[in-house]
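Computed from a predicted model, the values in this text were never measured in an experiment.
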Amino acid sequence: MALRSTSSTDGGSPQIVHPVDELLPPVRLFGTGLQHVAAMYAGVVAPPLIIGAGVGLGPGELALLISASLFTAGLATLLQTLGLGRRSRSRIGARLPFVNGVSFAGVAPVLAIAKEHSPKAALPVVFGAVIVAGALCFLAAPYFCRLIRFFPPVVQGTVITLIGVSLLPVAVNWARGGETPGAPGYGSVHAIVLAALTLAVVVVLNRVLHGFWQQLSLLLGLLAGTLLAFPLHLADFGAVRDAQLFALPAPFHFGAPVFDPAAIISMCIVMVVSMTESTADMLALGRIVERPADEATLAAGLRADGLATALSPVLNGFACSAFAQNIGLVALTRIRSRFVVAAAGGILVVLGLFPRLGAVVSLVPQPVLGGAGIVLFGTVAASGVRTLAEAGLESGSNILLVSVSLGVGIIPIAVPDFYDAFPPALRTLLHSGISVGCVCAVLLNLLFHHLGSRAGAARPSPTP
């Protein structure tokens, strides 16, 4: 526990403050917050880039869409970390070091919706569907969170491991130069060497530095990797020169929302998937920061997801949900303060208002992010393995639960087109290894520990 020198009302003894609620000095707060932004930046700007290109936006409107995504991600992160309200039953925001941003789960359905409409009409239809999906999440939060009793440590460890394993292919693609095989420079020796050097710098700095500087090892590694990228011609200042200096978000810039039933159903399915992933992420983060997420915390976090998602389209943003890569950063740096992540949210808001500043952050090349991502996402997987080690794997049913759930969850990671013949609504769930593995683990836990005559004997004892 961390001590903060605040006098109590009964005689001046210092109050014991949980590390999650610790307020760091300004310099440390900004530096560690910036590190969170660097870790998530590519993930925030990738969905609007893909969606904007898919609906045929020009460079100016594409830049606006990216700025809107940064701005709304910042607001969602502030809502999640600082929260609204004091009553546990109606509180909004998990008040954990929990980063929110544009959900990757919605990209494919949004592109499918866009194919059914003209470029000019596509985004209003998407925004209308996102507003309804966000409202659904907000209203369903107090009921969805009751599923926590079906997430014992064996399920949590399985899901946390899957989160890390599911993210590792993203880091590998970044290390090869981006997300699109066949793009210029993709898979080049220079890109892979740069990723390897970044990885080595992060590991060495984490080993030789101490204290605050050790906690900044990832940010320093990203900076070193970016500097190394210039002589390799893998980074340039073109994006900074072309970006606007300042831009206020214009509400409904692309038109008033249109509420199309088919699009709404599709986005609501996406929202359920996002709620499943957010629940798993909050459980994982709660264990890492040693403040387990109970039903009230899960409900508050899901309300924040829902409210942020429902309001995001007003400012031209998309569905918001958890960013699992930042959970790895919390585990790696051991900085558990939610105010650090709130600082990251404030930085994202500023980047959304000043596109040129955002372009400076975007100078970090994809291979550099890939090298750092291997550390981050590997740390998440390692946290899951540690949780599984504490979950009582001497039980045969638990071993079967873990092996089947991991196997099912890894299918869409190992073979991304495995479920392509299934209906679109099912593909949304099945293409997410985290979600399908989580559902499988919960169902097997029900079978082994809650149903039938063996349930009472097989059910693991609750953790304190």
Margin query: Please check: side-chain N/O of Thr81 versus main-chain N/O of Leu96, any donor-acceptor pairing under 3.5 Å?
Written below: no
Check: So Arg334 and Gln214, side chain to side chain donor-acceptor pair (under 3.5 Å) or not? Walk me through it.
Finding: CA-CA 10 Å; Arg334 299 185 295 279; Gln214 184 187 55; 3.2 Å; yes
Next item on the list: Using atom types as modelled and distance alone, determine if a side-chain donor or acceptor of Gln35 lies under 3.5 Å from a backbone N or O of Leu218.
Entry: yes
Note to self: Any side-chain to backbone donor/acceptor pair from Glu22 onto Ser337? Under 3.5 Å, distance only.
What the structure shows: no
Margin query: Just so I know, are the side chains of Pro152 and Asn445 near enough to count as touching, which here means a heavy-atom distance under 4.5 Å?
Written below: yes
Notebook entry, point to check: Heavy-atom distance under 4.5 Å between the side chains of Glu390 and Arg287, does that happen here?
Noted result: yes
Margin query: Please tell me whether Gln366 and Asn173 have a donor and an acceptor in their side chains that are separated by less than 3.5 angstrom.
Written below: no
Checklist line | Backbone N/O of Ala263 and side chain of Asp260: donor-acceptor pair under 3.5 Å | finding: yes
Check: Between Arg291 and Asp21, does at least one N-O distance fall below 4.0 Å, as a salt bridge requires?
Finding: yes
Notebook entry, point to check: Is a donor on one side and an acceptor on the other found under 3.5 Å between the side chain of Asn316 and the backbone of His253?
Noted result: yes
Note to self: Could you check whether Asp305 and Ser278, counting side-chain N and O atoms only, form a donor-acceptor pair closer than 3.5 Å?
What the structure shows: yes
Item checked: Thr309 (side chain) donor-acceptor with Cys320 (main chain) under 3.5 angstrom -> yes
Next item on the list: Could you tell me whether the side chain of Ser312 and the main chain of Ala319 form a donor-acceptor pair under 3.5 Å?
Entry: no
Margin query: Taking the six-membered ring for Trp, are Phe98 and Phe323 closer than 6.0 Å centroid to centroid?
Written below: no
Checklist line | Side-chain donor-acceptor contact under 3.5 Å, His36 with Asn326 | finding: yes
Margin query: Test your reading of the model: is there a side-chain donor-acceptor pair from Ser405 to the backbone of Ala441, 3.5 Å cut-off?
Written below: yes
